[in-house]
Trainee: 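Quick one: the structure is below, and I'll ask about it shortly.
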There are 2 protein chains.
Amino acid sequence: MPRIRHHQGNCSPGCAVEATLRLIDGKWKGVILYHLLEGTLRFNAIRRRLASVTQRMLTNQLREMEADGLIARTVYAEVPPKVEYSLTVRGRSLEPVIHALKVWGDLHAELHPDAARPVETAA
Amino acid sequence: MPRIRHHQGNCSPGCAVEATLRLIDGKWKGVILYHLLEGTLRFNAIRRRLASVTQRMLTNQLREMEADGLIARTVYAEVPPKVEYSLTVRGRSLEPVIHALKVWGDLHAELHPDAARPVETAA
DNA sequence: CGGGATCCTTCTTGATACTG
DNA sequence: CAGTATCAAGAAGGATCCCG
């Protein structure tokens, strides 16, 4: 059973935002979570979905997410080796967050010309 | 008017998740957005809410967010100087995302003992 | 197949001092 | 008050090679 990293000190109210963010940042974690939401995947299956990731990075990211209790790693004693990654209960609870990120990305990928104006002066 | 950084290539479906994430990661941006949701703030007002941030970091983060079209910077020609930061339309549109991050953080800050188990074997 | 180990480069962050 | 400039440290990420 992997140890859980705690990123939680007790700080100002906005800190919960940061704590969550720290779990899913890191260049690939968001996408990995996104793909694992659809089901268990093997190492190379994830790798194919990310295309430009290196083995080392993928391994690192997966290990960190495992340490954070977001994903589970299952090793099958076979030859050739088979390792499956799936979401934990905790990992799956991030679904609303991942969903919110995706929805926003889809809507705001390209910037609307006037979206960069202050709210107060937008009228 | 600041230039907008585009982090968008066209990649796999999960890429929208990543694109959004890249805008709000960076150690302070999430919290800054969180606080600016409540209204316009001056430089040092933000700084006080973050406590342990350095001027340099705060300036950097604010500048990047400005470049990303998320916040607006208003300089008043006064002595002493007065600079206010507020959300843009685009920045405010992130509210559901920030909210999702905060809700999750509040709920899952401390790990439930069995939350790190795979979904499949959780029954 | 799914890594581990190593080396190297770049990005990020921090500390400190100075300024209009 | 709200920065800028500079220096230095560390973390993140990439390239490559080896392994059970």
Side-chain angles (χ1 to χ4, degrees), chain A residues 2 5-7 9 11 15 18-19 21-33 35-36 40-68 70-86 118, chain B residues 2 5-7 9 11 15 18-19 21-32 35-36 40-68 71-86 118:
Chain A
R5 299 188 306 169
H6 269 204
H7 307 261
C11 32
C15 192
E18 262 303 312
L21 218 37
R22 294 279 72 84
L23 293 181
I24 62 179
D25 78 2
K27 195 167 191 183
W28 301 105
K29 293 186 183 176
V31 202
I32 293 171
L33 285 172
H35 287 294
L36 284 181
T40 298
L41 289 173
R42 296 183 59 171
F43 185 87
N44 277 340
I46 299 177
R47 199 177 168 190
R48 273 187 296 275
R49 281 170 174 73
L50 270 50
S52 64
V53 73
T54 62
Q55 305 115 323
R56 196 182 78 97
M57 274 310 298
L58 183 52
T59 301
N60 282 353
Q61 302 278 291
L62 289 170
R63 288 291 191 277
E64 285 190 20
M65 296 170 74
E66 190 189 3
D68 286 330
L70 299 180
I71 64 175
R73 180 168 176 269
T74 310
V75 182
Y76 295 89
E78 299 177 3
V79 177
K82 176 180 171 185
V83 180
E84 286 186 342
Y85 292 90
S86 59
Chain B
R5 298 188 307 168
H6 269 203
H7 307 262
C11 32
C15 192
E18 262 303 313
L21 218 36
R22 295 279 70 84
L23 293 182
I24 62 179
D25 79 1
K27 197 168 190 182
W28 302 103
K29 294 186 183 175
V31 202
I32 294 172
H35 287 294
L36 284 181
T40 298
L41 289 174
R42 295 183 59 170
F43 185 86
N44 277 340
I46 300 176
R47 200 178 169 189
R48 272 187 296 276
R49 282 170 175 73
L50 272 49
S52 64
V53 75
T54 63
Q55 305 116 323
R56 196 182 78 96
M57 273 310 297
L58 183 52
T59 301
N60 283 352
Q61 302 277 291
L62 289 170
R63 288 291 191 277
E64 286 189 21
M65 295 169 75
E66 190 188 4
D68 285 329
I71 64 175
R73 179 169 176 270
T74 310
V75 182
Y76 296 88
E78 300 177 3
V79 177
K82 175 179 170 184
V83 180
E84 286 186 342
Y85 292 91
S86 59

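Predicted model only: the values in this text are computed from it and were never measured. Lettering of chains follows the sequences in order, A, B, ..., and the numbering in each one begins at 1.
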Trainee: Just verifying a value: how many Å separate Leu21(B) CG and Cys15(B) SG, rounded to the nearest 0.5 Å?
Mentor: 11.0 Å
Trainee: Counting the atoms with a prime plus P, OP1 and OP2 as sugar-phosphate, which does Arg42(B) contact under 4.0 Å by heavy atoms, base, sugar-phosphate, or nothing?
Mentor: sugar-phosphate
Trainee: Rounded to the nearest angstrom, tell me the gap between atom CE in Met57(B) and atom P in dT16(C).
Mentor: 16 Å
Trainee: Take Arg48(B) and Arg56(B), find for each the nucleotide of DNA chain D with the closest heavy atom, and name the residue whose nucleotide sits nearer the 5' end.
Mentor: Arg48(B)
Trainee: Rounded to the nearest Å, what distance is computed from the CG atom of residue Leu58(A) to the P atom of nucleotide dC1(C)?
Mentor: 14 Å
Trainee: In whole Å, I'd like the distance from the CZ atom of Phe43(B) to the C1' atom of dT19(C).
Mentor: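 From Phe43(B) CZ to dT19(C) C1': 14 Å.
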Trainee: Could you tell me how far apart Asp25(A) (CG) and dC11(C) (P) are, to the nearest whole angstrom?
Mentor: 17 Å
Trainee: Within the structure, does a side-chain N or O atom of Gln55(B) lie under 4.0 Å from either OP1 or OP2 of dT16(C)?
Mentor: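 No, because none of the side-chain N or O atoms of Gln55(B) sits under 4.0 Å from OP1 or OP2 of dT16(C).
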Trainee: First and last nucleotide of DNA chain D in contact with chain A, 5' to 3', at under 4.0 Å to a heavy atom: what are they?
Mentor: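 So the contact region on DNA chain D extends dG13(D) to dG20(D).
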Trainee: Taking OP1 and OP2 of dG14(C), is either one under 4.0 Å from a side-chain nitrogen or oxygen of Lys27(B)?
Mentor: yes
Trainee: Report the distance from atom OG1 of Thr40(B) to atom NE2 of His35(B), rounding to the nearest 0.5 Å.
Mentor: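 Result: 14.5 Å between the selected atoms.
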Trainee: Let me confirm one number: the CE-CG distance from Met57(A) to Leu62(A), rounded to the nearest 0.5 Å.
Mentor: 10.0 Å
Trainee: If you define the side chain from C-beta out and look only at heavy atoms, does anything of Asn44(A) sit under 4.5 Å from Arg47(A)?
Mentor: yes
Trainee: Hey, what do you get for CG (Leu50(B)) to CD (Glu18(A)), rounding to the nearest 0.5 Å?
Mentor: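 Answer rounded to 0.5 Å: 8.5 Å.
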Trainee: Given atom CG of Asn60(A) and atom P of dG3(C), what is their separation to the nearest angstrom?
Mentor: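 For the pair Asn60(A) CG and dG3(C) P, the rounded distance is 11 Å.
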Trainee: Please tell me which of Lys82(A) and Pro80(B) maps to the more 5' nucleotide of DNA chain C, matching each residue to the nucleotide holding its nearest heavy atom.
Mentor: Lys82(A)
Trainee: Using the side-chain hydrogen bond (donor to acceptor under 3.5 Å, both in side chains) rule, pick out the option among Lys82(B), Glu84(B), Arg42(B) that qualifies with Tyr76(B).
Mentor: Glu84(B)
Trainee: Indicate whether OP1 or OP2 belonging to dG4(C) is found under 4.0 Å from a side-chain N or O atom of Arg63(A).
Mentor: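 Answer is yes, contact under 4.0 Å.
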Trainee: Just call it for Pro81(A): base, sugar-phosphate, or nothing, with non-hydrogen atoms closer than 4.0 Å on any strand.
Mentor: base
Trainee: Are Glu64(A) and Lys29(A) ion-paired here, with the side-chain N under 4.0 Å from a carboxylate O?
Mentor: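 Yes, Glu64(A) and Lys29(A) are salt-bridged.
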Trainee: Within the structure shown, what part of the strands sits under 4.0 Å from Tyr85(B) by heavy-atom distance: base, sugar-phosphate, or nothing?
Mentor: sugar-phosphate
Trainee: What is the distance, rounded to the nearest whole Å, between atom CZ of Arg73(A) and atom C1' of dG2(C)?
Mentor: 8 Å
Trainee: Looking at every strand, decide which applies to Gln61(A) at a 4.0 Å heavy-atom threshold: base, sugar-phosphate, or nothing.
Mentor: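 It contacts sugar-phosphate atoms only.
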